[in-house]
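So you know, we letter chains A, B, ... as the sequences are listed, proteins then strands, and number each from 1.
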There are 2 protein chains.
Amino acid sequence: MSLVLQENPRIPADTAEKVRQAARQLGYVYNRGAAALRGRRSATIGMVINDLTNPFFVELLVAIERVLAEAGYTTLMAHTAESVATQTCVLRSMREQNVAGLIMSPALGTDDALPAEIRSWGIPLVLVMRPMGDDVDTIGVDNAFGFALATEHLIAQGHTRIAFAGNRKGYAVASQRREGYLSTMKQHELPVADEWTIDVELTPQGGQKAVRAIFDMALRPTAVLCYNDQVAIGVLHELDRMGKRAGKDLAVVGCDNIVAAEHTNPPLTTLSAGSDKLGALASETLLSRLVEGAVTDGPAKQFFAVPELIIRESSEHAIETEDATQTVRGKQPGRKRVARAS
Amino acid sequence: MSLVLQENPRIPADTAEKVRQAARQLGYVYNRGAAALRGRRSATIGMVINDLTNPFFVELLVAIERVLAEAGYTTLMAHTAESVATQTCVLRSMREQNVAGLIMSPALGTDDALPAEIRSWGIPLVLVMRPMGDDVDTIGVDNAFGFALATEHLIAQGHTRIAFAGNRKGYAVASQRREGYLSTMKQHELPVADEWTIDVELTPQGGQKAVRAIFDMALRPTAVLCYNDQVAIGVLHELDRMGKRAGKDLAVVGCDNIVAAEHTNPPLTTLSAGSDKLGALASETLLSRLVEGAVTDGPAKQFFAVPELIIRESSEHAIETEDATQTVRGKQPGRKRVARAS
DNA sequence: CTGAAAGCGCTTACAG
DNA sequence: CTGAAAGCGCTTACAG
């Protein structure tokens, strides 16, 4: 039976077909659990996501799941909601479920030793979006580059006072993004007030707070770089509540290019690294560790995607300089312009 | 060993502790797969979701997963992207994984016989959001009631020409929502033009199309009921592109009350049935079928939540009548008013 | 009350 | 080449 299912060449094709038909008639269902037990390997992959309320991670999850499904793997999903305690539970559960590998976007505050511990379990691990050291397979984004790109764009629009909303302390990705911003400001010899790097939660609520803070500042920024699109959506919302218009009263740039960024009002300028591509890379990296005889002790595979800037209306009204290429709001429906590294 | 883990009373507490400690030292990991094989029952639940790009289903998924996790179950997640073929694959895979139960929001166009087939597998099934007959456990929403409530609200604001965007043919939930709208219009003796029930995709793109259709109509509606918030977001976006304002130029009402509905510009009036509550109910319904000696042949448990209308700015500007209770846009940050059944 | 043995449904190494 | 047997890690019914 097993041989038939494995399409073993020692079974003639017609016999195999007969067996399969009989199996179907009898209502036979292959038991993957038993196979995993005996064969000492499983075909389920654990996926640990920190925040499903952020659509970017959902897009990433969908992309990862699709590639894994195509490769014949089943996805065991868990959501930690940024709780390290939940993450610990979830990882234990996945280990007990005997997952063949793990893809994880670690919760904020995860202990640096966790990747090493998971390695000691003998379970291959791929980190997505949030790096934790050089010796773990990681798929992420070049955040410093992206935020430098976004800062350049705002400066090119004539902005000199630019804020950064979402500077969570002790969080690596926030530091990278802030560094991209600060180094570019420095390069252009633009002074940066301390209060311009605003520490708020990385949610729409955080964005709302950031706007209120900005409009209370003595030396008020004319543009704001947001940690991600979730924060930017809160910024847009609060601007609207104050009767102000993004792009005109305050230029706004987000990060992640979630699907909704195209449908905000006004549409949101944002950095895109491609959730599809990142998801596919993460899956493939893990799958490459799962093939027979894979080098698990080899050097870690790390890839950091270079984001592009998708320019939409939230950052389009130039300050000081009037640029002839600025189009009137709402003329071309699906237009998007892409800024690339020079 | 097994007895210790089960906290069997025949093992003294101190001995149990010693065993547990030794197990930890040796790096013992409980193998759920083996337990499931031997015990002929598993602790994983399959969850089949039709559309993770709709945040409502993500909120539902998160709610379901939390309750299942608390009950000691692990969630196997799959995404069908509204493809019946993918759904078939996914269900076979879950059956092979020996899931203890299934929670499913079936893809559009799913064969009516599917619930009976799954029952024949001996796997308890709970349907969410999309009913398929009377003899399946189902957690859903009273869509006709909700859309009647929304229609009443628009009529109370002075609207007499109201459109319905998202009338997908042959899709039960769309028909329910349309019926709630049509019956209320009839009750108020308001005529409804055929072209006002607009058949578009149930996405932001569909919403954009609907707006263009509405502004091309000879007898133009002053309000639009959207199939869901995704459609409504497209409507808001297109209105903005046309330089028009939701609530002023066209009243807009959505359905689902996704988190983003509070942050659209302007904030979106929408129907809420509570994804948390629905998710918890779905989980609990399934769990009740999983307890030892549960009546699997008993009557199907069906529950349809009564939605409330969350009134926000997108439908607030009254037409014809000027109502003193209308507040000025953007005055109270988190305000929301709730309309209930009378 | 307790400990040893049978067996869940597979895969694989091995005897014939 | 082929078929029967061992064994993955558990649970549970049963013998002592």
Inset, instruction - Would you sort out whether A/Leu125 and A/Met104 count as a side chain to side chain contact (heavy atoms under 4.5 Å, CB included), showing the intermediate values? - result: CA-CA 7 Å; A/Leu125 166 71; A/Met104 167 159 112; 4.0 Å; yes
Inset, instruction - Evaluate side-chain hydrogen bond (donor to acceptor under 3.5 Å, both in side chains) for A/Ser175 paired with A/Lys169, printing each intermediate quantity in order. - result: CA-CA 8 Å; A/Ser175 302; A/Lys169 290 194 185 72; over 6 Å; no
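As rounded to whole Å, 10 Å separates atom P of D/dC10 from atom CG of A/Asn98. The CG-C1' distance, from B/Leu37 to D/dT12, rounds to 14 Å in whole Å. Distance A/Arg38 CZ to C/dC10 P: 13 Å, rounded to the nearest Å. Rounding to whole angstrom units, OH of residue B/Tyr30 and P of D/dC8 are separated by 17 Å. Taking atom CD of residue B/Glu96 and atom P of nucleotide C/dC10, one finds them 10 Å apart after rounding to whole Å. The distance from atom CZ of A/Arg41 to atom C1' of C/dT11 is 9 Å, rounded to the nearest whole Å.
A stem is defined here as three or more consecutive Watson-Crick or G-U pairs, each with both distances under 3.5 Å; for DNA chain D these stems are C:1-3 with D:14-16, C:5-12 with D:5-12, C:14-16 with D:1-3.
Taking atom P in both C/dG16 and D/dG7, one finds a spacing of 16 Å when rounded to whole Å.
Checked against D/dG9, C/dC10, D/dT12, the side chain of A/Tyr28 finds its nearest nucleotide in C/dC10. Each of D/dT11, D/dG9, D/dC8 was ranked by its minimum atom distance to the side chain of B/Asn31; first place goes to D/dG9.
If you run side-chain hydrogen bond (donor to acceptor under 3.5 Å, both in side chains) between B/Gln87 and each of B/Thr110, B/Asp111, B/Thr80, B/Asn50, only B/Thr110 comes through.
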